[in-house]
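Beneath this line is the structure, given in structure tokens, with notes to follow.
Letters go in sequence order (proteins before strands), and every chain restarts at 1. Small disclaimer: the values here were computed from a predicted structure and weren't measured.
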Amino acid sequence: MEEKVLRNVLEINDLVVSFEMYQKGFRKKKLEVLHSLSLDVKEGEIVAVVGSSGSGKSVLAHAVLGLLPKNATMTGNIKYQGELLTPKERKKYLGREIAFIPQSVDYLDPLMKVGKQVVGVYSSKERQRQLFEKYQLKKEVEDMYPFQLSGGMARRILISAAVTEEPKLIIADEPTPGLNVELAMDTLRHFRKLADNGTSILMITHDIDLAFQVADRIAVFYAGTIVEISPTGDFLAGGKNLRHPYSKAFITALPQNEFQPLKGTQPYAGDLPEGCLFAPRCPKAEIACNGKIAMRDLREGKVRCIHAT
Amino acid sequence: MQLKAENVSFQYGENMPWILKDINFAVESGERVGIIGPSGYGKSTLSKIMAGYYKPTSGKITLDGESLPQKGFCPVQMIFQHPELSVNPRWKMEKILNECWKVDEDTKHAFGIEKDWMGRWPNELSGGELQRFCIARVLSPETKFLICDEITTMLDVITQAQIWKVLLEVSDKSNLGMLVVTHNMALAEKVCTRMIDITKWNK
Ligand code: SF4
């Protein structure tokens with residue numbers, strides 16, 4: 001039997017991102033925020049990266065989109081449709097094949113009316129009107145400036161701006177806060193439809209319930225790396241089908257499950273343990289966990305743990 | 001004790017739409033009342049009114065029949081969704097923690113606040129760590145009611161479960177009354193003693 005092998009639209013290999021920070025007394029310090037992170041998104045697939053806010057998830061989106069600040073350094077590689085995503089390539093694709101839904105309106109041009117921004121460089125007024133209607137934005141909104149938008153409106157504008165060109169890849173950084181439940185669900189359904197038509201979506205979110213609704217696979221982000229990537233079904237089935245001890249603990253802590261917390265906190269980027277980043281909280285930790293732990297394939301997913309089964 | 005909203009209505013300005021209209025309800029000590037509903041129904045506005053941050057356009061908030069004290073420590077305290085916006089970025093954590101009262105060791109321990117976090121700046125802590133500070137600092141013995149506005153919405157679920165576990169213990173022990181604003185039904189069912197569906201109120 002022949003199985004259809006889906007192409008990787010986005011592939012991230014061993015991504016390491018550090019920021020150079022000045023400390024008191026003008027000493028420079030390097031703060032590594034992403035640690036050999038690997039991830040792929042296939043054609044027509046929605047992958048949700050789930051983790052707490054302020055844990056560096058956005059840096060992942062920014063690295064893919066070339067939006068890292070000047071004091072950042074990056075190693076590893078990012079491929080789009082099998083080709084290295086260099087600054088030149090990125091320029092070619094961004095806004096057309098690759099779209100970004102940022103976390104805040106700060107990414108919009110504050111001096112340009114929003115209707116015009118949604119039309120952008122490549123799209124048409126008609127398409128914009130169509131999207132405004134879909135996202136329940138009144139016609140007057142076209143002539144507003146970003147500062148006049150409410151949170152929910154801003155979110156809808158950002159989404160419309162991203163989908164005008166029916167992109168091949170969408171990177172969405174917390175796409176739904178500020179939307180009411182119906183609109184959030186509607187947005188997700190729209191994502192699903194886009195994906196079913198071949199668009200790949202990388203959705204970064206702190207909201208696991210959202211991920212449950214639409215994602216094909218869920219990647220669990222912990223302390224600056226991804227510790228497990230598995231089909232969404234494995235998460236819905238509770239902890240037992242999951243691979244990494246953190247993902248299991250994560251699912252157990254959900255209020256709809258046991259609501260039982262694991263002790264401890266995620267380590268601070270400036271103060272990371274050697275080896276497995278989860279070791280200080282892991283019930284199964286042993287000496288071997290202090291070494292480098294690589295991501296490996298396991299069942300239908302991937303995990304970064306030597307004991308996972 | 002009883003924290004009560006009496007005929008509370010709110011609008012941001014004349015001729016602006018009513019965000020809340022003639023709201024009446026009360027929270028008793030020891031009760032955890034969930035206010036459930038999607039965004040856009042004025043849940044956050046109501047929280048701020050109950051905590052005395054906003055004045056209602058009409059109606060009043062009373063504590064055992066009296067209006068909330070204007071001076072000194074307010075027995076009704078509020079915790080917000082975004083801890084990073086409710087701390088002074090120029091203060092170190094030690095100072096932030098002890099802003100309202102000298103937080104005791106038990107409370108620090110219960111929230112897992114570690115010693116070496118004290119010397120850090122707010123931007124050197126994660127959202128979950130910061131939120132622990134923001135909660136601990138309002139749990140003074142004089143606090144009788146806590147208004148919690150989506151306080152774990154932005155945190156990961158483990159931190160959420162940790163924080164609520166401690167909050168439930170504290171509220172039981174000190175007989176606190178709590179108003180719990182959330183859009184998360186599963187969470188409300190686990191932590192609240194009673195729920196109010198805000199969509200049934202108005203609009
Ligand atoms: S590698 Fe070791 S410490 Fe890390 S999660 Fe696996 S068992 Fe636990």
Separation between OG of S9(B) and CD1 of I49(B), rounded to the nearest 0.5 Å: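 Rounded to the nearest 0.5 Å, the OG-CD1 separation comes out at 9.0 Å.
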Members of residues 105-116 of chain B whose heavy atoms come closer than 4.5 Å to chain A: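 Only E114(B), D116(B) of residues 105-116 of chain B have a heavy atom under 4.5 Å from chain A.
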Contacting moiety of I208(A), where chain B heavy atoms sit under 4.5 Å: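 When you check distances to chain B, only side chain atoms of I208(A) fall under 4.5 Å.
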Side chain / backbone / both / neither for N257(A) at chain B, heavy atoms under 4.5 Å: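 Backbone of N257(A) only, per the 4.5 Å heavy-atom cut-off to chain B.
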F80(B) and Y53(B) aromatic ring geometry - parallel, tilted or perpendicular at 30°/60° bounds: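 Y53(B) vs F80(B) ring planes: perpendicular.
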Plane angle bin for F147(A) and Y145(A) - parallel if under 30°, tilted between 30 and 60°, otherwise perpendicular: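 Correct class here is parallel.
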Aromatic centroids of H244(A) and F278(A) separated by under 6.0 Å: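 Distance test on ring centres: under 6.0 Å, yes.
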Looking only at the side chains, is there a donor atom on one of [X] and [Y] sitting less than 3.5 Å from an acceptor on the other?
X: S29(B); Y: N175(B); value: no
X: T205(A); Y: D207(A); value: no
X: E32(A); Y: S18(A); value: no
X: R32(B); Y: S171(B); value: yes

Top of E129(B), R120(B), K165(B) for chain A proximity - count of heavy-atom pairs under 4.5 angstrom: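 Looking at each option in turn, the highest pair count goes to R120(B).
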Toward chain A, the part of Q162(B) with a non-hydrogen atom under 4.5 Å: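 When you check distances to chain A, atoms from both the backbone and side chain of Q162(B) fall under 4.5 Å.
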